[in-house]
Amino acid sequence: MTHLADQIILLLAALLLIAVLSTKFSTRFGMPALVLFIAAGMVLSHFIYFNNASLTQIAGIFALVVILFEGGMQTSMKDIRPILKPALSLATLGVLLTTVIVGIFAKFILGVPWAESFLFGAIVGSTDAAAVFSVLGGKNIDKRLTSTLEAESGSNDPMAVFLTVSLIEWVQHPDTAVWSLVLSFFWEMGVGLLVGIVIGKLAVFLINRINLDSTGLYPVMAVGFAVLTYGVSAMVHSSGLLAVYVMGLVLGNSELMYHRTIMNFNHGFAWMMQIAMFILLGMLVFPQELAAVAWQGLLLSVILMVIARPLGVFLSLLLSRFSFREKTLISWAGLRGAVPIVLATYPLLAGLPQGRLFFNVVFFVVLTSAVIQGTTISPLASRLRLVGREPASQPSLMELVALGKTDSEFNHIGIERHMPIAGRQIAEIGLPDDILFTAIIRNKAIVTPHGSTVIEPGDTVYVLSPKSKREEMRAIFRSGQGRAAETDIPSV
């Protein structure tokens, strides 16, 4: 048993590393990394039998909480305020229209009753925040369009969840009153919005005032508040995903201590959850079952991309100021991803007869959307002349160093008495022009380095220098008695 566990751990490690390295490939071709993560899960399913839809759903929801929280924190209210109305129209009316149109076609292509056909439409009705963020991130597409798409993808999941759950209830209890579903919608959205704002404000207050022993605990605390937001919302039967996204918006647009630390942690954690979620979802797919529904899946995918999504976009943006070219790009950029696959587990767990069929067909829809739309968004934007006039926003110094996209690096070095620079002014050291002391930590206080600043034993000096001059930089601190302790800093 131990030997088998070791083999499984080794296999998981290999898949995790392959998944991380594959993002380089996906970024180059504009394809969402989810495609490669799902493929890794399908490979793993050949070695490990997995058919636990309940566990997959729990993992998927937790991953969505982390992804939406990170997406909310990354979203600037200044950017989305001008496009808030069209984004909300896309997230509500657009999802509803897409659901109805896909449902009509699904009725005849899948040969299921009307209620089940609209249920399928609801499952694939929303765009995916993780896929949209990953494809649009860093692209020089017009800012107004990317802000609209990101706001839509971050806020339309609650509508899709509501429709899916409501339609499952309608399938199981056909006598359910429509007016009760309408009231339930307003309750879920309204209370979810309120919970997100309240807990977001509470999180900002506590994070800014509590003094934790380690800065690494603040990101954990922030994620804890995000999970708490979802849990409280679920307890009062409101939209947990909407609440989490709003809570992230509140944190991301507030004056927050350790804001950069929290953002960096969330970014890495969201990637980790994406990898884990899509690998699990890939393991839940049985390739031998896919062949039987291949033509239905491909046909419905094409209908969604070229009929349902465009109609939903153009009708929901009828009163907006977007041009025809802009609406065309918004239509094509409606990527499907994690949310439809997670929602496809709901009919499975509800025991609906068509549950497995829906899951397999949704799998085709997500893959084709990611591969076809994901790789063509940027070329289409260029052809439609919707590339931003100004270059994409420049990353900060810390982001450049953290991402390894610069020839420089940060180091922090503790000063000991025997070091040659201890007790000397910075001006006396004779630093090369391209080696810079950026900060000094002394007795838990930050000292701004000047030429007259004296380097004292016990200080920690932060140094920015070219990677090519790493040894020259270290020689400044080195003495015959030993070497300075040096530590690379990916970000501060």
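Every heavy atom of this structure was used, including side-chain atoms; hydrogens, water molecules and symmetry mates were not.
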Taking the side chain as C-beta and beyond, is there a heavy-atom pair between [X] and [Y] under 4.5 Å?
X    : Y    : value
F322 : T148 : yes
V227 : F69  : no
T453 : H450 : yes
M159 : S126 : no
M419 : I455 : no
H259 : M73  : yes
M189 : T92  : no
L335 : I377 : yes

For this session: Might you work through the side chain to side chain contact (heavy atoms under 4.5 Å, CB included) test for E150 and D79, ending with a clear yes or no?
Result: CA-CA 10 Å; E150 290 176 358; D79 292 335; over 6 Å; no
[Y] backbone acceptor or donor facing [X] side chain under 3.5 Å:
X    : Y    : value
T345 : I341 : no
Y258 : I207 : no
R417 : P457 : no
T56  : N52  : yes
R336 : G125 : yes
R309 : L304 : no
S153 : T127 : no

So, taking the atom named [atom1] in [X] and the one named [atom2] in [Y], what distance separates them when rounded to the nearest 0.5 Å?
X    : Y    : atom1 : atom2 : result
I441 : I415 : CD1   : CD1   : 12.0 Å
F205 : L256 : CZ    : CG    : 13.5 Å
M273 : E70  : CE    : CD    : 13.0 Å
I80  : K78  : CD1   : NZ    : 12.5 Å
Q373 : M305 : CD    : CE    : 5.5 Å
S316 : L88  : OG    : CG    : 11.0 Å

Exercise. Which residue, V223, T261, V66, forms the side chain to side chain contact (heavy atoms under 4.5 Å, CB included) with N266?
Worked result: V223
List the atom of [X], the atom of [Y], and the distance in Å for their closest heavy-atom pair.
X    : Y    : value
Y245 : A151 : OH-CA, 3.9 Å
L317 : K327 : O-NZ, 3.2 Å
M77  : N253 : N-OD1, 2.8 Å
L251 : A222 : CD2-CB, 4.3 Å
P340 : V366 : CB-CG2, 4.1 Å
G60  : V342 : CA-CG2, 3.9 Å

Problem set entry | M272 atom CE, neighbour heavy-atom count above 12 within 6.0 Å | no
Exercise. For R424, does the CZ atom sit with more than 12 other heavy atoms under 6.0 Å from it, leaving out its own atoms?
Worked result: yes
For this session: Could you please spell out the steps behind the side chain to side chain contact (heavy atoms under 4.5 Å, CB included) verdict for L436 and V463?
Result: CA-CA 6 Å; L436 177 68; V463 187; over 6 Å; no
For this session: Evaluate the side chain to side chain contact (heavy atoms under 4.5 Å, CB included) criterion for residues L284 and N51: first the C-alpha distance (whole Å), next the side-chain angles of each, then the deciding distance (0.1 Å), finally the verdict.
Result: CA-CA 6 Å; L284 198 60; N51 192 24; 3.9 Å; yes
For this session: For F437 and I429, run side chain to side chain contact (heavy atoms under 4.5 Å, CB included): C-alpha distance rounded to whole Å, both residues' side-chain angles, the deciding distance at 0.1 Å, then the answer.
Result: CA-CA 11 Å; F437 288 1; I429 299 173; 4.1 Å; yes
Exercise. When the ring planes of F269 and F265 are compared, do they come out parallel, tilted or perpendicular, using 30° and 60° as the limits?
Worked result: tilted
